[in-house]
Protein chains: 2
Amino acid sequence: MTEICREHEEHRDRIAAGRRRVPDREALLEVADFFDALGNPTRLKILYALTGAELCTCDLASIAELSVSAISHQLRILRDRKIISFRKEGKNVFYRLRDQHIVDLLSVALEHMAEGAPHG
Amino acid sequence: MTEICREHEEHRDRIAAGRRRVPDREALLEVADFFDALGNPTRLKILYALTGAELCTCDLASIAELSVSAISHQLRILRDRKIISFRKEGKNVFYRLRDQHIVDLLSVALEHMAEGAPHG
DNA sequence: TCATCATTTGAGCAATTATTCAACCATTGA
DNA sequence: TCAATGGTTGAATAATTGCTCAAATGATGA
């Protein structure tokens, strides 16, 4: 693997320059984890539901039409990736989006899809 | 699954409102596919390398330190998700980011990580 | 204290995914 | 036409993931 294009010397320069643009491993994995968390229909349902109000685990399960357990697992992922935060009130745990960046991103992404791709 | 929180009527209202914020199935899947494509270290390496210059498959393989075949598979995913486009020149295929939105998003994401999470 | 409800957790399983390998296609130049 | 190079593709496989189920935790009120 990773064999280099044979012919031209210019490849070497392009490769070196390209490599410089790639963030270091740690940052790269963080960004990947972040986008990966958003790249799942169930988690997106949770997140869009949370744009505009805080909701408890059980509400989210009802909205996503999945078991409370399944939602709790997904909420853990979103918490670990620092995309949502929570507050406990009695027996309930209320979740919310962690900051305005997330709200904006979800909104922009939806617009981008609408404009960029009429069907697929 | 999907059993509803028993006690209060207010849950019903919150659930209904939350449900209204969730995009329809098709849009949701599109957004998920989009973020999912970005949520992988190999594909992110490719994308960050492409911020600033077009590169051929073989250059990208060298940068990502993976086989040409592995990179080609990932490039296909990025093409299908309309994140990159390409141009053929002789035996080479040169890839580039499809629009400025992608460039911006990659840059913003990196900044967001840097500010939001000092280590984990 | 006990029963109940909301939530979390861990094991298990089926489905998905990232990579490799081998074969193939496409372009070039001899 | 043939050999060489760049790239794509499909099958196979190991690793990861998303869900379910059962069991556990935590808070509340009787």
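The shown structure was predicted, so the numbers you read here are calculated from the model rather than taken from an experiment. Proteins come first, then strands; the chains are lettered A, B, ... in the order of their sequence lines, and each starts at number 1.
OP1 and OP2 of C:dT17 both lie 4.0 Å or more from every side-chain N or O belonging to B:N40. Contact annotation: A:R76 does not reach the phosphate of C:dT7 (side-chain N/O to OP1 or OP2, under 4.0 Å). Taking side-chain N and O atoms only, A:T42 has a distance below 4.0 Å to OP1 or OP2 of D:dC19. Contact annotation: A:Y95 side-chain N/O to C:dA6 OP1/OP2 distance is not under 4.0 Å. Distances shown here put every side-chain N or O of B:T57 at or beyond 4.0 Å from the OP1 or OP2 atom of D:dG6.
Atom NZ of B:K45 and atom P of C:dT19 are 9 Å apart (whole Å). Rounding to whole angstrom units, CD1 of residue A:I71 and P of C:dT9 are separated by 15 Å. The distance from atom CG of A:D33 to atom P of D:dT16 is 13 Å, rounded to the nearest whole Å. Taking atom CG of B:L75 as the reference point, atom P of C:dT17 lies 17 Å away to the nearest angstrom. Going from atom CZ of A:F94 over to atom C1' of C:dT8 covers 17 Å, rounded to whole Å. At whole-Å resolution of the value, CG in A:L66 and C1' in D:dT17 are 14 Å apart. Summarising the geometry, the separation between CG on B:N92 and C1' on C:dG29 is reported as 15 Å, rounded to the nearest angstrom. The nearest whole Å value for the distance from the CZ atom in A:R43 to the C1' atom in D:dG18 is 8 Å.
Looking at A:L50 and A:L60, their side chains come closer than 4.5 Å, going by heavy atoms from C-beta outward.
Donor-acceptor pairing under 3.5 Å, judged by distance alone, is absent between the side chain of B:H73 and the base of D:dG7.
For the helix from C:dT1-D:dA30 to C:dA30-D:dT1, the terminal axes (five pairs an end, C1' atoms, rotation from four pairs onto the next four) enclose an angle of 20°, given to 10 degrees.
Remark: the B:R96 side chain and the B:S85 side chain contain an N/O donor-acceptor pair separated by less than 3.5 Å. Looking at B:H73 and B:R76, their side chains never bring a donor and an acceptor atom within 3.5 Å of each other.
Comparing D:dG7, D:dA11, C:dT9 against the side chain of A:R79 picks out C:dT9 as the nearest. The A:Q74 side chain lies nearest to D:dC19 when the options are C:dT20, D:dC19, D:dT8.
Ring orientation note: the planes of A:H112 and B:H101 are nearly perpendicular, at an angle over 60° on the 30°/60° scale.
Annotation for A:C56 and B:H11: closest pair SG-CE1, 3.6 Å, computed over non-hydrogen atoms.
Projected onto DNA chain C by closest heavy-atom contact, B:I77 and A:S69 fall at different nucleotides, the more 5' of which corresponds to A:S69.
Taken together through direct or relayed side-chain contacts under 4.5 Å among Ile, Leu, Val, Met, Phe, Trp and Tyr, B:V68 and B:I77 form parts of separate hydrophobic clusters. A continuous path of ILVMFWY side-chain contacts below 4.5 Å connects A:L28 to B:I71, so both sit in one hydrophobic cluster.
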Can you build the contact string for nucleotides 23-30 of chain D? Use B for base contact, S for sugar-phosphate-only contact, and - for no protein heavy atom under 4.0 Å. ---BBS--
